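Quick note: numbers below take in every heavy atom, side chains included, and nothing from hydrogens, waters or symmetry partners. Below, read A as the first sequence line, B as the second, and so on, with proteins coming before strands; counting in each chain starts at 1. All of these numbers come straight from a predicted model, not from anything done at the bench.
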2 protein chains.
Amino acid sequence: MIVGQGKRCAAVASELGGRIVAGGFAPGETLPTEAMLCAQLGVSRTTVREAVKQLHGKGLVAVSPRNGTRVRATVHWNQFDPEVLGWRVAAGVDAVMLDQLYEIRDCFEPRACQLAASRGSAGDHAAIAGHFTELAAPGWDVERGIAADLAFHLAIFVATGNVFFISLGAAISTALRLSFGLSQRRAPIPAAELRLHEDVCHAILSRDGAAAALSMRRLLDASRRTLAIAAAPGGPAQTLEAAP
Amino acid sequence: MIVGQGKRCAAVASELGGRIVAGGFAPGETLPTEAMLCAQLGVSRTTVREAVKQLHGKGLVAVSPRNGTRVRATVHWNQFDPEVLGWRVAAGVDAVMLDQLYEIRDCFEPRACQLAASRGSAGDHAAIAGHFTELAAPGWDVERGIAADLAFHLAIFVATGNVFFISLGAAISTALRLSFGLSQRRAPIPAAELRLHEDVCHAILSRDGAAAALSMRRLLDASRRTLAIAAAPGGPAQTLEAAP
DNA sequence: CGACACCGTTTTGTATGATGATTGACGACG
DNA sequence: CGTCGTCAATCATCATACAAAACGGTGTCG
C-alpha cells in the first residue's frame with residue numbers, strides 16, 4: 001500500500017488546515033510562529049514546516065520572513081483541492097456551501113454526461129452501467145449505496161476523456177460523498193431518484209448526448225430537493241457535521 | 001511584498017514539477033532518491049523534502065519508504081492547481097490540451113456570465129466594465145491588452161459570488177494568459193472579438209443573464225477559431241512554448 | 001525639527017547529522 | 001513449494017546551528 005506520507009506531517013497539516021478553513025484564524029491574521037506551533041503540536045520544526053509548505057501549496061497561507069505565516073483571503077484558496085474541500089466539509093456544511101456546490105455541479109455534470117455519451121469508450125460505458133447495477137441492487141446497505149452512487153458519478157467524468165473533468169470529479173468527490181450520505185442517512189435512495197439514474201445511464205449507453213444532459217439536470221434537481229428536505233426541518237440544524 | 005516562500009524551495013518544486021508534467025518521468029516511475037536529488041539540484045535534503053511535500057499535495061507523486069518517490073497516474077493529478085496547470089503550459093501546449101481547455105471554458109464561462117449578470121454587485125459590474133474599457137483603450141500594447149483581457153474574464157468569475165467559480169478562474173488564469181498571448185502575439189485583438197467582449201459586458205451590466213451566457217458562448221467560439229488559425233499554419237509548430 | 005542611514009531583533013530559510021520506522025526483497029526453513 | 005523471518009534501503013522525524021530578510025528603533029547629520 002502506498003502510504004503517501006508520514007502520519008505526523010499529515011496530521012499537522014490537517015490540524016492547521018482544518019482550523020483555518022473553519023475560521024479559527026481569520027484571513028490576514030498571522031499564525032503562531034513555527035517555534036510556537038512546535039510546542040503546541042508537539043512536533044519538530046521540520047514537520048511543522050513541511051505541513052505549512054503543503055498549506056502554502058493550496059493557497060491557504062503566505063509566509064514571509066519576519067512577518068510570519070499569514071492566512072490568505074479566501075479568494076486565493078484552491079477550493080478544488082480535495083483536501084481543502086474535505087476540511088471544509090469536516091468543518092460543517094451550511095446552506096450557502098450546498099447552494100454553491102450544486103450550482104457548479106449543475107454547470108458541469110450535464111456537460112460531462114453529454115461528452116460521456118458522445119465519445120466514451122465501450123469500457124467506460126460498461127463501468128457506468130456496472131456502478132448503476134450495483135446502485136440498484138437489492139439488499140440495501142448504506143455504505144455500499146453511497147460508494148456506488150459516488151462511483152457512478154465519477155465514472156461519468158472519466159468517460160469524458162477530458163483530464164479537467166476528471167480532476168474536477170476527484171476534487172468534489174469528498175463533497176459528493178457527504179451529500180449522498182446526507183440524503184441517504186435514513187432511507188435508501190428514493191425510487192424516483194433511482195429511476196433518474198437509470199435514465200442517465202440509459203441515455204449515455206445509447207450515445208444520446210442531449211438526453212443524457214437533460215436526465216442529469218433532472219437528477220440534480222431532484223437530489224437538491226431531497227437534500228433540502230433532509231437538511232432543513234427535522235434533520236440536524238443549520239450546520240451538518242461530517243461523520244466521524 | 002509577500003514573497004510566499006524561499007527561492008530555493010520554490011525553484012526545486014518547479015524544477016521537479018515541471019519535469020514530471022513534461023513527461024520527464026513516466027507515471028509509475030520512481031524519482032531519484034532524496035539524496036540523489038540533493039546532489040543533482042545542489043540543495044539540502046530539507047529543501048528537497050519540502051518541495052516533494054508540495055508535489056505530493058498536488059497529487060503528482062506518492063512517497064513511501066523503501067519504494068521511493070513515485071509519479072502517480074495523471075488522473076490523480078490536481079489539474080486545477082494553478083501551479084500544475086502553469087507547469088503544463090510551460091511544458092508546451094498541444095492541440096489536445098487546447099481542445100480540453102476550451103471544452104471546460106465553454107462549460108463554465110457562459111454560466112459564470114449568467115450568474116454575474118443576475119446577482120453581481122454594482123462594484124463587481126463596475127470592475128468588469130473598467131477592464132473592458134482598458135481592453136478597448138486606444139494605444140495598443142500587447143502586455144497591457146493581455147492583462148486587461150485576463151482581468152476581464154477573472155472579474156466575471158468574481159462577480160458570481162461562488163467561491164468555486166472564483167477558484168476555477170484562478171486555476172485556469174495561467175492557461176488563459178497563454179491563450180491570449182497566442183492569439184494576440186502579432187496583431188491586437190480583432191475588432192470582431194472586441195465587439196463580442198462588449199456584448200458580454202453590456203449584457204452583464206443590463207443584468208440579462210441569458211444574453212450574457214449567449215454572448216460569452218459566441219466569444220469563446222470566435223476565440224477558439226482565432227487560436228486555431230494562430231496555432232496551426234504559419235505559427236509555431238505543433239507545440240507552443242510559453243514566453244520565458 | 002526632520003530626514004536618512006545604520007544596527008539589532010525577530011522570524012523564516014537552509015544546511016547538517018543522527019536516529020527511528022516502514023516496507024519490499026531475499027533467503028532460510030519446514 | 002510455500003511460509004516466515006531477517007535485512008537493507010529509504011523515507012520520517014528530530015535537534016541544532018547558522019544565514020538571510022524584514023521591520024522597528026535609534027542615532028547622527030543637515
Side-chain angles (χ1 to χ4, degrees), chain A residues 1-17 19-20 25-73 76 83, chain B residues 1-17 19-20 25-73 76 83:
Chain A
M1 175 192 171
I2 289 179
V3 80
Q5 64 183 5
K7 287 168 290 190
R8 250 168 275 223
C9 180
V12 170
S14 286
E15 168 69 21
L16 292 179
R19 266 159 68 177
I20 290 173
F25 299 105
E29 196 175 341
T30 65
L31 266 61
T33 67
E34 293 178 350
M36 293 173 80
L37 288 175
C38 293
Q40 282 181 20
L41 302 170
V43 297
S44 78
R45 213 182 130 211
T46 307
T47 307
V48 168
R49 281 184 57 78
E50 285 176 0
V52 170
K53 270 287 181 298
Q54 281 187 287
L55 299 184
H56 170 79
K58 300 177 190 310
L60 265 58
V61 299
V63 37
S64 63
R66 170 71 184 176
N67 255 6
T69 307
R70 289 178 172 276
V71 178
R72 301 184 72 188
H76 294 118
E83 284 189 271
Chain B
M1 176 190 173
I2 289 180
V3 81
Q5 66 186 98
K7 287 167 290 190
R8 253 168 272 221
C9 181
V12 171
S14 286
E15 168 69 21
L16 292 179
R19 266 158 69 178
I20 290 173
F25 299 105
E29 195 175 344
T30 65
L31 266 60
T33 68
E34 293 177 351
M36 294 174 80
L37 288 175
C38 294
Q40 283 180 22
L41 302 169
V43 297
S44 78
R45 232 189 102 209
T46 307
T47 307
V48 168
R49 280 183 57 79
E50 285 175 359
V52 170
K53 270 288 181 295
Q54 279 186 288
L55 298 184
H56 170 80
K58 300 177 190 310
L60 264 59
V61 300
V63 301
S64 62
R66 171 69 186 169
N67 236 2
T69 306
R70 287 178 172 276
V71 178
R72 301 184 74 188
H76 294 118
E83 285 188 88

The nucleotide from dT13(D), dG13(C), dG24(C) with an atom nearest the side chain of Arg49(A) is dG13(C)
Rounded distance in Å - CG (Leu41(A)) to P (dT13(D)): 13 Å
Using the salt bridge (Lys or Arg N to Asp or Glu O under 4.0 Å) criterion, which residues pair with Arg45(A)? Sequence neighbours excluded. Glu34(A)
Spacing between Arg66(A) atom CZ and dT11(C) atom P, to the nearest angstrom: 7 Å
Grab the N/O contacts between the protein and nucleotides 15-21 of chain C below 3.5 Å, and write none if there aren't any.
residue, atom, partner, partner atom, Å
dA15(C), OP2, Ser44(B), N, 2.9
dA15(C), OP2, Ser44(B), OG, 3.0
dA15(C), OP2, Thr47(B), OG1, 2.8
dA15(C), N7, Thr46(B), OG1, 3.4
dT16(C), O4, Thr46(B), OG1, 3.4

How long is the line joining CD of Glu50(A) and P of dA15(D), in whole Å? 14 Å
With sequence neighbours left out, write down each residue that passes salt bridge (Lys or Arg N to Asp or Glu O under 4.0 Å) with Glu29(A), or none if nothing qualifies. none
Among dT12(C), dA22(D), dG13(C), the one nearest any side-chain atom of Lys53(A) is dG13(C)
Euclidean distance, Arg49(B) CZ relative to Leu37(B) CG, rounded to 0.5 Å: 12.0 Å
With sequence neighbours excluded, what pairs up with Ser44(B) under the side chain to side chain contact (heavy atoms under 4.5 Å, CB included) test? Thr46(B), Thr47(B)
Measure the distance from CD on Glu34(A) to P on dA15(D) and round it to the nearest whole Å. 15 Å
Could you note down all residue pairs passing salt bridge (charged side-chain N to carboxylate O under 4.0 Å, His left out) where residues 35-44 of chain A supplies at least one of them, sequence neighbours left out? none
For Asn67(B) and dT23(C), give me the distance from atom CG to atom C1', rounded to whole Å. 8 Å
Whole angstrom value for the distance that separates P of dT12(C) from CZ of Arg70(A): 11 Å
Non-neighbouring partners of Arg19(B) that pass side-chain hydrogen bond (donor to acceptor under 3.5 Å, both in side chains), sequence neighbours left out: Glu15(B)
Give the rounded distance in Å between these two atoms: CG of Leu37(B) and P of dT14(C). 16 Å
